[in-house]
Amino acid sequence: MDFSTLASTMQALESTRSRNQMVDIIASLFKQLSPDDVQRSVCLLQGVVAPPHKGIEVGLGEKLVEDAISKATGYSSKEVEKLYLKLGDLGSVAEELCKGKKQTALFSQTLSIEKVFSTFYKIATLSGHGSQDVKISMLAELLNNSSSVEAKFITRFPIGRLRLGVGDPTVLDSLSVMHRGDKSDREILESKYNICSDLGLIAKTYAQDPNSISKFTMVPFTPIRPALAERLPSAKEIIEKMGPCTVEAKYDGFRLQIHRKGKEVEIFSRRMERMTNMLPEVVAAVRDELNCKDIIFEGEALAYNETSGEFYPFQQTMQRKRKHGVGAKSAEMPLRLFAFDLLYLDGKDMAAKPLRERRKALESVLLKNSKTLSLSESYPVKKPAEIETHFEDFISRGLEGLMAKDLNAPYTAGARKFAWVKLKRSYRNELSDTIDMVIIGYFAGKGARTKFKFGGLLGAVYDPNTDTFQSLAKVGSGFSEEQMQSIEGLLSKIKTKKPNARINSIMEPTYWVEPKYVLTVTADEITRSPIHTCGKEGDSPGYALRFPRMYGELRTDKRAEDATTTDEILEMYKMQKRTELSKEGEE
Ligand code: ATP
């Protein structure tokens, strides 16, 4: 199919903020395409050429793209730069200059979706001596053959500025609407996406035959979206909700999903990015110290001091997330992995089996004396008092709290369910859990902060039902001066003139930014507020945070869509009310 069809879809998406309209626009595009083009278009609409676990990114610098525009249109670099300064967007520059191309290609051809996709894929995978020039020529060739509207989107794509606001739920809904006319297949599509993490592949399979989607199964080296934990405020409520269960130590490190097939090993992060090269000791242990052939399992990794046997604090563990000096750091602070769940074993999908069975199988494959791999601590409990005893014990040993788990529950890929419940220490006058917000904008500094051009952040939570980011709080404290400077540096690169189509906010920051970075905040409580859109319906107020402050560093292990959700805030608000009532009862 011609790329112009996709370009006009992009144009239409750019001019709407209604999600239902977006879904209809994308569904009617899909209807016109072959399954292969559906797959390619899903990627192109989302600004990628492959799912995140493949680690293939286009990422061209602006300068290279300017060179390509100049090469394709015949305008000098100076002219291109001048217009960029005026318009502030390279896409508009290309659009403008392609209207009045000084040179036309001798053999210009109509661009197809396949041609555009495969060119970007090649650009992403080319490396080595002289590759820059080849990349510029490839991009220039595309621009040479494109209309002005096509040129706008082709230019924005490689610099990560497409910003059409097409999130995963929007694509899943659009697929369902393409075949069914409504969103009734969204659930099955989502459940398959949760075990395969390749939205393009799901889209292609579904476009070929909606019934074939049920055949998707787990396979090593394709990451599974992680199961997540719910919250409850007390041991008593945990037993009321779950009955007899098991409690595990809650380790404060980073979550790993480990895949092994024969002697080959791959390790993925919480956001399903490949981390294999960063963790040599874990790779070696998984290869040599497991009693099985093929496996997918999960655990939490923490750095520890071999001499004293103590764990390092979270900030130090995070130093292991690095691309350079891996060997030296791994010798200095080796990791210990506490395995807590098993998803796949020697050809068998274990996810549907109850935790009790998964755990037993996991125990049987782990070797007893491994320095690197061990089972997470776990204790069966029946009464609140037993939970409290373990909780106190974990806290006194510097752990974060506990995870209560339902021994009869399956692994709930990609979902936050009551199969797992986290209980963390709650400090007086503080929410019992931190909140992860997406930064959607920031404010210019006043007074002492003017020199950093930074006066606080506008944070939002994610609503997967509407695929939007809803504002929850303005965060103005908790940062060090260094943090302020580095955050302002990051944000200034992703400023946008208008808010992204997925942002829903009444409050206007000085600068809007792409929803990309996630920060953790603590707060005193959740309140109702008319100025924030989280959970806001009609005229009723939304939800907000009282005295929010930044906690720790930016959460680079989370994507914007992994932020706390609107429903979680509503649940936490109800929990807070229940806790207040029971406190009043005690007084
Ligand atoms: P989430 O991952 O749920 O979005 P989060 O990253 O803020 O939220 P928490 O909500 O505090 O983390 O807790 C869940 C995380 O706890 C898991 O993702 C995992 O990394 C970690 N964890 C530590 N110990 C365990 C355990 N025994 N079982 C399961 N998860 C554990």
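Ligands are counted one by one from 1 in listed order, and the atoms in each one are counted from 1 as well. Hydrogens, waters and symmetry mates play no part in the numbers below; they use all other heavy atoms, side chains included. For this chain, numbers begin at 1 and follow the sequence in order.
Listed by number with element, the atoms of ligand 1 under 4.0 Å from a non-hydrogen atom of Leu228 are 1 (P), 2 (O), 3 (O), 4 (O). Residue Met403 has at least one heavy-atom neighbour below 4.0 Å for each of these atoms of ligand 1: 14 (C), 16 (O), 26 (C), 28 (N), 29 (C), 30 (N), 31 (C). Proximity to Asp436 (heavy-atom distance under 4.0 Å) selects the following atoms of ligand 1: 7 (O). Within ligand 1, the atoms closer than 4.0 Å to a non-hydrogen atom of Lys405 are 26 (C), 28 (N), 29 (C), numbered from 1 in the order shown. Atoms of ligand 1 lying under 4.0 Å from any heavy atom of Lys558, numbered from 1 in the order shown and given with element: 1 (P), 4 (O), 5 (P), 6 (O), 7 (O), 8 (O). Each of the atoms 24 (N), 26 (C), 27 (N) of ligand 1 lies under 4.0 Å from some heavy atom of Ala249.
The protein heavy-atom contact nearest to atom 15 (C) of ligand 1 is Lys250 NZ, 4.0 Å. Here the heavy atom of the protein found nearest to atom 18 (O) of ligand 1 is Arg255 NH1, 2.8 Å. Protein heavy atom closest to atom 10 (O) of ligand 1, with residue, atom name and distance, is Lys422 NZ, 2.1 Å.
In summary, Lys329 and Glu332 engage in a salt bridge, as defined by a charged side-chain N under 4.0 Å from a carboxylate O.
One option in Lys424, Glu300, Arg555 has a heavy atom closer to atom 19 (C) of ligand 1 than any other, and that option is Glu300. Comparing heavy-atom distances from atom 31 (C) of ligand 1 across Phe340, Trp420, Tyr251 singles out Phe340 as nearest. Considering each of Arg416, Glu298, Glu230, Glu568, the one bringing a non-hydrogen atom nearest atom 3 (O) of ligand 1 is Arg416.
Using cut-offs of 30° and 60° for the angle between ring planes, the His259 and Phe221 rings count as parallel. Between Phe338 and Tyr251, the ring planes are parallel. Angles under 30° get that label, and only those over 60° would be called perpendicular.
Residues Arg271 and Lys558 approach most closely at NH1-O, 3.1 Å, considering heavy atoms.
The shell of residues lying under 4.0 angstrom from ligand 1, judged by heavy atoms, includes Arg270.
Atom OG1 of Thr317 is separated from atom CZ of Arg336 by 13.0 Å, given to the nearest 0.5 angstrom. In this structure, CH2 in Trp512 is found 10.5 Å from CG in Asn500, a value given to the nearest 0.5 Å.
Every N/O-N/O distance between Asp433 and ligand 1 stays at or above 3.5 Å.
Residues Asp341 and Tyr411 bring no donor and acceptor atom of their side chains to less than 3.5 Å of each other. Between the side chains of Asn369 and Glu289, no donor N or O sits under 3.5 Å from an acceptor N or O.
In this structure, Arg528 forms a cation-pi arrangement with Tyr543, its terminal cationic atom sitting closer than 6.0 Å to the ring centre and no more than 45° off the ring axis.
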